[in-house]
Protein chains: 2
Amino acid sequence: MKIGQLSKVSGCSIQTIRYYEKEGLLNRPSRSEGNFRLYDEKSLKELEFVKHCRNLDIPLLDIKTLIDLKHRPEESCSSINDLIAKQLDLVNQRIKELNALKSELQIMKKACSSDSTVERCGIMKTLEV
Amino acid sequence: MKIGQLSKVSGCSIQTIRYYEKEGLLNRPSRSEGNFRLYDEKSLKELEFVKHCRNLDIPLLDIKTLIDLKHRPEESCSSINDLIAKQLDLVNQRIKELNALKSELQIMKKACSSDSTVERCGIMKTLEV
DNA sequence: TATAAAACCTATAGTAACTATAGAGTCAAG
DNA sequence: CTTGACTCTATAGTTACTATAGGTTTTATA
């Protein structure tokens, strides 16, 4: 299949697919007579692996590490473990931060008597200092 | 005070301060004989306003809007309200996403029997397909 | 068969919000 | 008077894409 088709079945944009290839996350596909990329089922699997990792917010560099590891199946998987643990820490950290944000934004929202003026806006006041 | 001092008291990096100025979020400060930026208390207040907004993850463009509104105190504050509400929606959305991530990452972490090989790594398996 | 439209190609620039660097000028202390 | 700390501007790099320009190939229609 050509790139447009792969884009459709994978849900990744055409540019993103080409970008992943450039970044070394996907194997170079074969090319047609006229230099069009030609993909098969294996390519789709590869792309889905990347996509799944991205859904977990794993950075491209880390995904590259995972792909490299897949090619060394004998190796200890502790680095995979570390990578996931790191990701989990990040996510937990970010959730904490966002919950703090949420509280403050909620307070701000309440502070605004909606059809007041900027001058007397409760929100604007909470932003000062 | 000079930029290094402002950086210290505000907790923003020197580059960030210059960047905010370039983006029109801070008034151009006066300059010394030798072309150094000279700040006063008012500058610090301005910077702290921006910083506070950034802590709430409000985008620079929206902060600019808020600053513009401050200069028109008579105006209705409904746009401020909208802006904060929009921000709150985003934060809530992101928290939801991150909680989903968290669950999946936790499952993955459990799937890994730590000192296994890549080949038999439970995490790697959850990433396939 | 001609041609137009759709799909594809590469290379480059833009996005957000900074951070880092290069290369030069300014200023205070010893 | 020189050394080192600080500042200046301008530019490039970061992440993970998205968008665009300008060109080629394929496919569908007339």
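All values below were derived from every heavy atom in this structure, side-chain atoms included, with hydrogens, water molecules and symmetry-related copies excluded.
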Could you check whether [X] pairs with [Y] (Lys NZ or Arg NE/NH1/NH2 to Asp/Glu carboxylate O, under 4.0 Å)?
| X | Y | answer |
| --- | --- | --- |
| A:E21 | A:R37 | yes |
| A:D89 | A:K96 | no |
| A:K42 | A:E46 | yes |
| A:R94 | A:E97 | yes |

When the distance from [atom1] of [X] to [atom2] of [N] is rounded to whole Å, what number comes out?
| X | N | atom1 | atom2 | value |
| --- | --- | --- | --- | --- |
| B:I58 | C:dC18 | CD1 | C1' | 18 Å |
| A:D57 | D:dT15 | CG | P | 15 Å |
| B:K51 | C:dA17 | NZ | C1' | 16 Å |
| B:L26 | C:dC18 | CG | P | 11 Å |
| A:L25 | D:dA16 | CG | C1' | 11 Å |
| A:L90 | D:dT15 | CG | P | 14 Å |

Q) Going by number, which of residues 33-43 of chain A have a non-hydrogen atom under 4.0 Å from DNA chain C? A) A:N35, A:F36, A:R37
Q. Nearest to the side chain of A:L60 - D:dT27, D:dC17, D:dT7?
A. D:dC17
Q. Is B:L90 reachable from B:L60 through a run of I, L, V, M, F, W or Y residues, each pair having side-chain heavy atoms under 4.5 Å apart?
A. no
Q: Can you see which heavy atom on B:L47 is nearest to which on B:Y20, and at what distance?
A: CD1-CD1, 3.8 Å
Should [X] and [Y] count as side-chain neighbours, where that means a heavy-atom distance under 4.5 Å?
| X | Y | answer |
| --- | --- | --- |
| A:Q87 | A:P59 | yes |
| B:L98 | A:L98 | yes |
| B:I67 | B:H71 | yes |

Q. Any donor-acceptor pair under 3.5 Å linking the side chain of A:R54 with the backbone of A:I58?
A. yes
**Q.** A:R28 CZ: over 12 foreign heavy atoms closer than 6.0 Å
**A.** no
(Q) Using a strict heavy-atom distance below 4.0 Å, which residues from residues 3-23 of chain B are in contact with DNA chain D? (A) B:I3, B:G4, B:I14, B:R18
Please list each protein N or O that sits under 3.5 Å from an N or O in nucleotides 2-4 of chain D, with the distance.
none

